[in-house]
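Everything on this sheet refers to the single structure shown next.
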Protein chains: 2
Amino acid sequence: MTYNQLKLDNQLCFRLYTAARLITSSYTPYFKKFNITYPQYLVLMLLWEKDNCIISEITERLHLETNTITPLLQRMEKQGLILRQKSEVDNRRRIVSLTSKGKRLEEQMKEIPNCLAREIVDNGMNVEELQNMIPLLDKFILTIKEK
Amino acid sequence: MTYNQLKLDNQLCFRLYTAARLITSSYTPYFKKFNITYPQYLVLMLLWEKDNCIISEITERLHLETNTITPLLQRMEKQGLILRQKSEVDNRRRIVSLTSKGKRLEEQMKEIPNCLAREIVDNGMNVEELQNMIPLLDKFILTIKEK
DNA sequence: TCATATACTATCGTATGCGATTAAATTCAA
DNA sequence: TTGAATTTAATCGCATACGATAGTATATGA
């Protein structure tokens, strides 16, 4: 790295920070009618794939801590999207499951990622370029997690 | 896109969201002795490049709104890093400038991005791979902003 | 078995982000 | 020139993030 690392334009981190915020807020209009947020959508996606998760599965999968996930799940429970039940086997654990309302959202929201991808491609980003980002980000995330 | 878009592992957005949070929190230990946060660091970088900015320059450059920037700057002023002065010429505007304390931080913090980059490279990510991400993210950000 | 360690989740405090609205100063147009 | 439009920034409310700590249940080992 030979350029000046202290310039905003040279910082990878600033780009990631910006890209993440902008793409997340691009989701927001699609979520509006369902009254959910992007992190809540992540939890739903996780549960649509595998229902009845315990908190630690959710925190590991989303790379978030309980101090973020617990209140988030409490809000989702209040909205009737999920249930948070104590495990019979191990009373420390809490099992998170979809309500019928939460399950129904899968069908209703399934086109959202495609809509968004189409928007982005229509605005000039190639599918290939988008797909090139995937393995780079995966390696990046893995590298940082290993620290 | 032929794969199931509703799986967490298939989502570019989730990767960006995760990568941004993880790299930001990798900065945190370096910031600790200066008692600043990552968004505050962004403001400092911007002012080190060009002092005496007005609020709208900061919001445009960082792609953030005043409802984020104003309180952030108020906290930075309280810490003695910056001044927020009304413009004489146009009383709607507020000019943000570095204090001597804020200026001194540039020298003290200049090695942080290199340290972090070194950490990442030492953990297996190539410099080339990091640099490949830059133009992809730039195009991605531009594409979303144009929507 | 029973004290200690570990696992699991929740809570607290503070700093962002952001949609929505408000407030104040300047510009502009009839 | 003066009232409406525009520009600029601040405020409000709510939902994350996250470091630090607390609380409770299970596991473990002497």
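Quantities reported herein were computed from a predicted structural model and do not represent experimental measurements. Throughout, protein chains are lettered first and strands after them, A, B, ... in sequence-line order, and every chain is numbered starting at 1.
Comparing A:Asp90 and A:Asn67 along DNA chain D, the residue whose closest nucleotide (by nearest heavy atom) sits nearer the 5' end is A:Asn67. Nucleotides of DNA chain D nearest to A:Leu72 and B:Ile54 differ in position, and the one nearer the 5' end is that of B:Ile54.
Here B:Arg93 does not reach the OP1 or OP2 of D:dA9: none of its side-chain N or O atoms lies under 4.0 Å away. The shortest distance between the side-chain N/O atoms of A:Tyr17 and the OP1/OP2 oxygens of C:dG17 is below 4.0 Å. OP1 or OP2 of C:dT9 lies within a sub-4.0 Å distance of a side-chain N or O belonging to A:Ser56. Taking 4.0 angstrom as the limit, A:Gln74 places a side-chain polar atom (N or O) nearer than this to OP1 or OP2 of C:dT11. Considering only side-chain N and O atoms, A:Arg84 lies under 4.0 angstrom from the phosphate OP1 or OP2 of C:dA10. In terms of phosphate contacts, B:Arg75 brings a side-chain nitrogen or oxygen within less than 4.0 Å of OP1 or OP2 of C:dT16.
Atom CD in A:Glu65 sits roughly 13 Å away from atom C1' in C:dC8 (whole-Å rounding). Atom CZ in B:Phe34 sits about 20 Å away from atom C1' in C:dA15, given to the nearest Å. Going from atom CZ of A:Phe14 over to atom C1' of C:dT16 covers 15 Å, rounded to whole Å. Taking atom CG of B:Leu42 as the reference point, atom C1' of C:dG17 lies 13 Å away to the nearest angstrom. Atom CD1 of A:Ile23 and atom C1' of C:dG17 are 16 Å apart (whole Å). Between B:Leu73 atom CG and C:dA15 atom P the separation is 14 Å, expressed in whole Å. Residue B:Leu62 contributes atom CG, which lies 12 Å from atom P of C:dT16 at whole-angstrom precision. Here the C1' atom of nucleotide D:dT7 and the CD atom of B:Glu60 are 12 Å apart, to the nearest Å.
Judged by atom type and distance alone, B:Arg92 reaches the base of D:dT7 through a side-chain donor-acceptor pair under 3.5 Å. Side-chain to base pairing of B:Thr70 with D:dA9: no donor and acceptor N or O lie closer than 3.5 Å to each other. Taking only distance into account, the side chain of B:Thr66 meets the base of D:dA10 through a donor-acceptor pair shorter than 3.5 Å.
Residue A:Lys32 is in sugar-phosphate contact alone, with no base atom involved, counting any heavy-atom pair closer than 4.0 Å across all strands shown. In this structure, B:Thr68 reaches the bases: a heavy-atom distance under 4.0 Å links it to at least one base atom across the strands shown.
For A:Gln74, the CD atom sits in a packed shell: over 12 heavy atoms of surrounding residues, nucleotides or ligands are nearer than 6.0 Å. Taking a 6.0 Å sphere around NZ of A:Lys78, one finds it holds 12 or fewer heavy atoms contributed by other residues, nucleotides or ligands. Counting non-hydrogen atoms of neighbouring residues, nucleotides and ligands closer than 6.0 angstrom, the CD atom of A:Glu88 reaches no more than 12 such neighbours.
Each of A:Leu22, A:Thr18, A:Asn123 was evaluated against B:Lys145; a single residue qualifies, A:Leu22, per the side-chain contact (heavy atoms from CB on, under 4.5 Å) test.
Which of D:dA10, D:dA20, D:dA15 sits closest to the side chain of B:Ile55 comes down to D:dA10. The A:Ser25 side chain lies nearest to C:dC18 when the options are C:dC18, D:dT16, D:dA9.
Below 30°, between 30° and 60°, or above 60°: for A:Tyr27 and A:Tyr38 the angle between ring planes is between 30° and 60°, a tilted geometry.
A salt bridge links B:Lys110 with B:Glu107; the closest basic N to acidic carboxylate O contact falls under 4.0 Å.
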